[in-house]
Amino acid sequence: MTAHIPKPSLPAPAQTVGVVGWLRKNLFSSWPNTIVTVLCFLLIAYYGYLFLDWALLTADLGGVSSDACTSGGACWTFINVRFPQFIYGFYPENLRWRIDIVYAMFATLIVLLVNERVPFKKWLAIFTLFVFPVIAFYLLYGGAFGLEIVDTHKWGGLMLTLVLSCVGIVASLPIGVVLALGRRSDMPVIRSISTVYIEFWRGVPLITVLFMASVMLPLFMSAGTDTDKLLRALIGITMFQAAYMAEVVRGGLQAIPRGQYEAASALGLNYWKSMSLIILPQALKLMIPGIVNTFIALFKDTSLVLIIGLFDLLALVQSAIIDPDWPNVSTEGYLFVASMFWVFCYSMSKYSQALERKLHTGHRN
Amino acid sequence: MQLESDKVNTSSSAIIELKNVNKWYGEFHVLKDINLTVTKGEIIVICGPSGSGKSTMIRCINRLEEHQSGNIIVNGVPLTNDLKKIDLVRKDVGMVFQHFNLFPHLTVLQNCTLAPIWARKTPQKEADKLAMKYLERVKIPEQANKYPGQLSGGQQQRVAIARSLCMNPQVMLFDEPTSALDPEMVKEVLDVMIELASEGMTMLCVTHEMGFAKSVANRVMFMDAGEIIEENAPHEFFTHPKSERTKLFLSQILQH
């Protein structure tokens, strides 16, 4: 009997692997393919060059008025000059340091929370969720610690967009979870209340909700009880998004096998313990894409507050574009808004992907 | 103890008593007048064709399923809709499932310590020690920090057994514990169960492992169509089955 000698593994032919292999397989596999590849490349290069030329090479950045925009390219001077207004809204200039502090704290907390290696994550999260909003409220609104009150009708721009979306995101998730649990409850009253709530709020457009909140609601309230317009918008957005969130969460809950509920019950864990320790941690992990999807939609939907007279980032830029002192700057303005929104939304999306990878524990593959 | 008032008198050694238990799934009558008394330390194997109600019966014992009439008394506590009593019963009864039902987002050790910590308020350190003791007993202490998804089926089922034992149950229910396993892993799980039996644990096992039944069971029961057709000591059960239905069933599972 002869012993079996395994054959050595040889390297793959050079033309099938690496960059060359990829190019041959995907872009130049046949004559028609090669022609299409070359044509597309030329098109991209041509329009790419036109855009770059307009946006960078012949663009203007300096100066303080539209007179500085002479080169024929993009007039970034407009953005440059109006930038503080886009970021701070109509907030009094001498008090803008308060917003700066909030921005800085927010950015620092986010960076710390996202970073894997930072210790005391739990306390940091508690601080971000419960202490930071209080600090941010007093800094932005004032009215305590000797800080001057800045009325919410002076809030605007990016700051308003962030306030609306952060509050909406943070408040709608827990409400959504409770509603989803309610809709799956065995108790008929709780189930019907949750179902009716969800179906009602999902059935009306956000614009209607905002109109109701700003126009109709004051009519029903006795004179003198004037709640803040921003507060009403916030409540409207939160209620609306909570209904969407509830359905995303319910989808996640349904994906958890019955055996998990049974194992938890058999071990003597009660409803709330098995939900919070076993079902929700697994369900939320499955729901990350759906939840972030809702977050992103919410972030962009905040622009709708324009119709009740709140000036978020988009509304401010739009009103600046029609300023007669700045003719022909709409492209620059919209590009700026689009890229601002894109940066925030893309970051959320990227973070959610990282989170999914981190939480993956090797099951369900 | 205040809980004593919840308990009712039963014959001193009986730990589980089912009296005329009936259960329906909608219109379907799954359990028909089940009577069963299990004494402390007894090992009972329940077999029968699928759909015969054997799993449903043991799932009624820890109230994963609700019975509609009759009485179930576990360790002196009658099972009703009263959540406190259900809780009390579940503290005494551990369960091992066909599909393990480990918590995939927690490590093996966390799987074992979760219930002691949250349902029993055991301090973390003590719970860890307890969990390691039982993981050693099911012979996988070295896997403690892995996730269930990284373990083989047999290992997962042994973890599930350890997880139940961490709650110090008086009774263990096994619902087809080896049916979802690859053949070469059945033995490692049965070995653990045999060891548990030799230590005096009261066990109710729904299983078709006839070797296990022959070697450790005190009683073997055969169920069909929601009824207990026959029960006997294992030797008698296998050599002289009384009913035709049992004979047929045994011939079908023992033939090959």
Side-chain angles (χ1 to χ4, degrees), chain A residues 116 120-123 125 177 181 184-190 249 251-291 352 354-365, chain B residues 55 58-59 61-66 81 83-84 86-108 110-121 145-151 156 159-160 163-169 171-175 180:
Chain A
E116 290 265 324
F120 309 117
K121 265 281 175 53
K122 201 170 109 193
W123 296 108
V177 170
L181 293 178
R184 282 171 58 84
S185 165
D186 293 329
M187 287 172 268
V189 177
I190 293 181
V249 175
L253 288 175
Q254 268 164 357
I256 303 298
R258 235 174 93 91
Q260 294 288 310
Y261 294 87
E262 289 177 352
S265 306
L267 283 169
L269 295 168
N270 64 25
Y271 176 81
W272 289 109
K273 280 175 189 159
S274 55
M275 279 300 157
S276 60
L277 296 168
I278 291 158
I279 307 302
L280 281 175
Q282 293 183 60
L284 286 170
K285 190 186 333 181
L286 291 175
M287 292 179 290
I288 290 173
I291 290 177
S352 85
L355 203 59
E356 271 176 69
R357 274 195 298 276
K358 189 188 135 195
L359 294 177
H360 186 75
T361 52
H363 59 282
R364 248 188 268 282
N365 26 0
Chain B
S55 287
I58 69 164
R59 285 157 62 88
I61 293 173
N62 67 350
R63 198 62 166 195
L64 286 184
E65 305 281 356
E66 203 175 311
N81 272 330
L83 286 177
K84 267 192 196 143
I86 296 175
D87 231 38
L88 220 55
V89 166
R90 284 177 178 165
K91 280 199 165 80
D92 286 336
V93 179
M95 184 155 195
V96 175
F97 300 87
Q98 180 177 4
H99 295 286
F100 332 133
N101 297 352
L102 293 177
F103 307 131
H105 62 304
L106 300 174
T107 63
V108 165
Q110 288 168 333
N111 262 280
C112 294
T113 57
L114 186 93
I117 290 174
W118 290 93
R120 282 265 168 86
K121 301 189 174 61
N145 291 313
K146 286 196 183 164
Y147 285 96
Q150 298 165 302
L151 269 52
Q156 290 193 48
V159 172
R163 178 176 71 174
S164 279
L165 291 176
C166 281
M167 291 298 277
N168 283 323
V171 181
M172 286 284 282
L173 307 173
F174 291 86
D175 189 0

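Residue numbers start from 1 in every chain, and the chains themselves are labelled A, B, ... in the order their sequence lines are given, proteins ahead of strands. In this text, all values refer to a predicted model and were calculated from it rather than measured experimentally.
- Between A/Met287 and A/Val249, the shortest heavy-atom contact is SD-CA, 2.9 Å.
- The shortest distance between side-chain heavy atoms of A/Leu280 and A/Leu253 falls below 4.5 Å.
- In this structure, A/Ser265 contributes its side chain and A/Tyr261 its backbone to a donor-acceptor pair below 3.5 Å.
- When atom types are taken as modelled, the side chain of B/Arg63 and the backbone of B/Asp87 share no donor-acceptor pair closer than 3.5 angstrom.
- Contact annotation for B/Val96: neither backbone nor side-chain heavy atoms come within less than 4.5 Å of a heavy atom of chain A.
- The backbone N or O of A/Ala266 lies less than 3.5 Å from no partner atom in the side chain of B/Asn62, so there is not a single donor-acceptor pair.
- Within the 4.5 angstrom heavy-atom criterion, atoms from both the backbone and the side chain of B/Phe103 approach chain A.
- Options B/Ala115, B/Ala160, B/Pro116, B/Ser164 differ in how many heavy-atom pairs under 4.5 Å they form with chain A, and the most are formed by B/Ala115.
- Counting heavy-atom pairs closer than 4.5 Å to chain A, the top-ranked of the candidates B/Asn101, B/Val93, B/Leu83 is B/Asn101.
- Of the residues considered (B/Arg120, B/Arg59, B/His99), B/Arg59 shows the highest number of contacts with chain A, using heavy-atom pairs under 4.5 Å.
- Proximity to chain A is absent for every atom of B/Gln110, based on heavy atoms less than 4.5 angstrom apart.
- There is no contact between B/Leu173 and chain A, counting heavy-atom distances below 4.5 Å.
- Atoms CZ and CG, from B/Arg163 and A/Leu267 in turn, are 5.0 Å apart once rounded to the nearest 0.5 Å.
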